Amino acid sequence: MAEDKLTPQSENFSEWYNQIVQKAELADYAPVRGCMVVRPYGWALWENIQAALDKRFKASGHVNAAFPLLIPMSFLEKEKEHVEGFAPELAVVTHGGGELLEEPLVVRPTSETIIGYMYSKWVKSYRDLPILINQWGNVVRWEMRTRMFLRTLEFYWQEGHTVHSTDKEAMEETRRMLDTYHDFAVNEGAVPVIRGRKSQTEKFAGAVSSWTIEGMMRDTRALQSGTSHYFGQNFAKAFDIKFLDWNNELQYAYTTSWGLSTRFVGAIIMTHGDDQGLILPPRLAPTQLVIVPIYRDDAERSLVMPVVEQVRQKLAAFRVHVDDRDGLTPGFKYHEWEMRGVPLRVEVGPKDVEKNSVALARRDQPGKAGKTFVSQDGLEHSVAALLDEIQAALLARATAFRDEHIYDAKDYQELTEAVQKGWALSWWCGSAECEAKVKEDTKATTRCLPLDQPGGTGKCAVCGQPATEKIYFARAY
RNA sequence: CGGGGUGUAGCGCAGUUGGCAGCGCACUGCGUUUGGGACGCAGGGGUCGGCGGUUCAAGUCCGCCCACCCCGACCA
């Protein structure tokens with residue numbers, strides 16, 4: 001790894017991204033095109049994401065279950081828009097046990113259909129509702145162009161699927177989970193996402209409305225980082241999910257689904273990373289702090305190591321790693337842990353033994369600027385405070401960066417210029433033609449109609465027609 | 001699927017007119033080192049993408065095939 005410099009973000013952002021995934025040992029390429037192996041460090045990060053989300057899901061009354069990977073082909077075809085949306089990217093199993101199957105099975109690209117089928121069996125009465133089930137699993141979508149974490153043929157995610165007796169309640173659920181994602185992204189990932197509704201062209205295949213959290217990456221491109229869908233009665237009608245209501249009348253239920261995937265790992269990488277490597281938010285980092293012992297010879301070593309052990313025990317409440325590998329210089333270790341994005345480094349050397357101190361180096365401020373010497377007394381408190389400060393600083397920095405790259409674009413010229421250097425926030429008349437024109441001319445797509453609307457009316461930045469809502473245009477992943 | 005490119009050690013590459021398959025990093029062992037990417041010595045590691053052809057002789061020349069990457073049409 002020595003002398004193995006990372007390509008700077010400014011030189012080639014996507015190359016920077018590819019290298020960081022490899023060098024930080026988050027993932028590696030699998031033998032099948034477009035598939036990735038999530039390595040232990042990357043998976044540990046995902047596990048922390050899972051834990052933070054799962055806690056929130058449980059707190060709002062959801063329970064976990066597991067539905068099968070294989071789905072009868074015919075299920076996909078029951079909802080017209082759904083099959084049209086997913087047909088081009090299905091992996092299909094045609095043989096089993098050496099025999100041609102009577103009906104092909106698709107590897108789930110998402111589980112609305114199979115879960116809808118099961119829900120139709122389970123739902124009889126309003127007393128059975130709501131159903132609030134989440135599933136942690138993997139799905140397969142045969143994508144053309146793939147990128148580690150951002151778009152792979154197979155990816156890991158959670159998908160929540162709920163059933164409600166009223167449209168109001170289902171809509172509330174859709175919005176509640178959007179807010180849950182927002183809370184998670186901002187407070188755990190320090191990723192300042194914008195909540196909003198997708199346009200009709202960008203919404204999920206089969207949904208009435210789709211809601212999204214959109215993050216701005218450090219190349220200013222947008223990343224859809226989580227979605228929540230309101231289905232109305234679309235899937236209930238396709239899968240015959242009916243219940244007897246309070247008046248003993250049979251009616252279709254209202255359903256939702258919401259998902260967040262390993263793509264969020266990509267969001268973290270591209271929101272916080274710098275030219276030294278990954279920077280992980282303390283709350284999600286697999287290793288929150290690494291202790292690097294420093295010594296010149298065996299005498300110093302026997303002096304330093306007991307103090308390292310004391311410090312480790314003092315910091316046992318955190319996710320700590322002691323890098324006691326022999327034969328590597330401290331400098332080498334610094335670079336390696338910086339590449340892996342560990343938020344805080346603790347150095348313990350002979351001088352520290354003498355002075356009852358340690359050196360703390362924060363990852364978000366590289367070099368001398370982020371290095372301070374603190375007393376070993378009360379170290380657990382200074383470390384806790386510093387981790388909180390780093391978490392807050394990452395969010396503040398990312399928010400400032402995002403806000404600096406959002407442009408209020410009033411006309412078409414401003415819009416086309418804005419999407420070359422960031423996001424455009426513009427009045428939009430609501431027509432798909434205007435979206436298509438922007439995409440054709442600039443490759444930028446509509447990201448979302450943000451929840452925070454200015455109110456009033458304006459002129460569509462594309463066609464000049466009256467508009468009542470503002471929408472974000474951006475180049476996206 | 002259209003346009004461009006690349007396949008030689010784990011990674012990055014060199015390989016001249018066809019003539020012993022190499023270099024850097026990484027890896028193993030020993031020794032010296034260690035507060036911002038240490039150094040020396042000694043080692044291990046190859047179906048040169050695949051198949052076929054030309055030739056005394058092919059990494060190199062010819063043909064076919066395959067894979068991957070980049071750029072255009074789809075997307076959590």
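Here is the naming used below: chain letters follow the sequence lines, and residue numbers restart at 1 for every chain. Small disclaimer: the values here were computed from a predicted structure and weren't measured.
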Closest to the [X] side chain: [options]?
| X | options | result |
| --- | --- | --- |
| A/Q224 | B/A76, B/C74, B/C71 | B/A76 |
| A/S261 | B/A76, B/G35, B/C74 | B/A76 |
| A/P330 | B/A76, B/G72, B/G35 | B/G35 |
| A/F332 | B/A38, B/U34, B/A76 | B/A38 |
| A/H335 | B/G37, B/G35, B/A76 | B/G37 |
| A/D326 | B/G36, B/U33, B/A76 | B/U33 |

Over how many whole Å does the gap from [X] atom [atom1] to [N] atom [atom2] extend?
| X | N | atom1 | atom2 | value |
| --- | --- | --- | --- | --- |
| A/D298 | B/U32 | CG | P | 9 Å |
| A/W46 | B/A76 | CH2 | C1' | 10 Å |
| A/M270 | B/A76 | CE | C1' | 13 Å |
| A/L328 | B/U34 | CG | P | 14 Å |
| A/R345 | B/G36 | CZ | C1' | 8 Å |
| A/E440 | B/C74 | CD | P | 10 Å |
| A/D297 | B/U32 | CG | C1' | 12 Å |
| A/K23 | B/G10 | NZ | P | 18 Å |

Have a look at [X] and say if it touches a base, only the backbone sugar-phosphate, or nothing, with a 4.0 Å heavy-atom cut-off.
| X | result |
| --- | --- |
| A/R301 | nothing |
| A/T152 | base |
| A/K368 | nothing |
| A/A476 | nothing |
| A/R147 | nothing |
| A/G349 | base |
| A/L260 | nothing |
| A/E338 | base |

Taking C-beta and beyond as the side chain, do A/Y412 and A/D441 meet within less than 4.5 Å on heavy atoms? yes

For the residue pair A/T110 and A/H82, establish whether any side-chain heavy-atom pair is separated by less than 4.5 Å. yes

Within residues 172-211 of chain A, which residues have any heavy atom lying less than 4.0 Å from an atom of RNA chain B? none

Give the dot-bracket line for RNA chain B from 5' end to 3' end: parentheses for intra-strand Watson-Crick or G-U pairs under 3.5 Å, square brackets for crossings, | for inter-strand pairing, dots for unpaired. (((((((..((((.....[..)))).((((((.....)))))).....(((((..]....))))))))))))....

5' priority, RNA chain B, between A/A361 and A/K443 [closest heavy atom]: A/A361

When you match A/T262 and A/F373 each to their closest nucleotide on RNA chain B, which lands nearer the 5' end? A/F373

Side chains of A/D326 and A/Y295: do they bring a donor and an acceptor to under 3.5 Å? yes

Between A/S257 and A/E112, do the side chains contain an N or O donor and an N or O acceptor separated by less than 3.5 Å? yes

Same-atom distance ([atom1]) from [N] to [M], integer angstrom:
| N | M | atom1 | result |
| --- | --- | --- | --- |
| B/G59 | B/C23 | C1' | 16 Å |
| B/U8 | B/C13 | C1' | 9 Å |
| B/C65 | B/G2 | P | 13 Å |
| B/U47 | B/C51 | P | 12 Å |
| B/C62 | B/C70 | P | 28 Å |
| B/C11 | B/G46 | P | 14 Å |
| B/G52 | B/G5 | C1' | 25 Å |
| B/C48 | B/C30 | C1' | 34 Å |

For A/D452, look at atom CG and say whether over 12 heavy atoms of other residues, nucleotides or ligands are found less than 6.0 Å away. no

Does a sphere of radius 6.0 Å around NZ in A/K443 hold more than 12 heavy atoms from other residues, nucleotides or ligands, not counting ones at 6.0 Å or beyond? no

Report the C-alpha distance between A/F149 and A/W46 in whole Å, list the side-chain angles of each, state the deciding distance to 0.1 Å, and finish with yes or no for ring pair (Phe, Tyr, Trp, His ring centres under 6.0 Å). CA-CA 11 Å; A/F149 292 109; A/W46 175 239; 9.0 Å; no

Shortest non-hydrogen pair, A/I279 vs A/R397, comes out as CD1-NH2, 4.0 Å

Nearest heavy atoms of A/K333 and A/R325, plus distance in Å: NZ-O, 2.7 Å

For the residue pair A/F67 and A/Y119, categorise the inter-ring angle as parallel (less than 30°), tilted (30 to 60°) or perpendicular (more than 60°). perpendicular

When you compare the ring of A/F155 with the six-membered ring of B/A76's base, are the centres less than 5.5 Å apart and the planes under 30° from each other? yes

Donor-acceptor pair under 3.5 Å, A/R145 side chain vs B/G72 base: no

Counterpart residues, side-chain contact (heavy atoms from CB on, under 4.5 Å), relative to A/Y117 (two or more places apart): A/F75, A/K121, A/F239

A/D54 and its side chain to side chain donor-acceptor pair (under 3.5 Å) partner, picked from A/R56, A/K58, A/Q50: A/K58

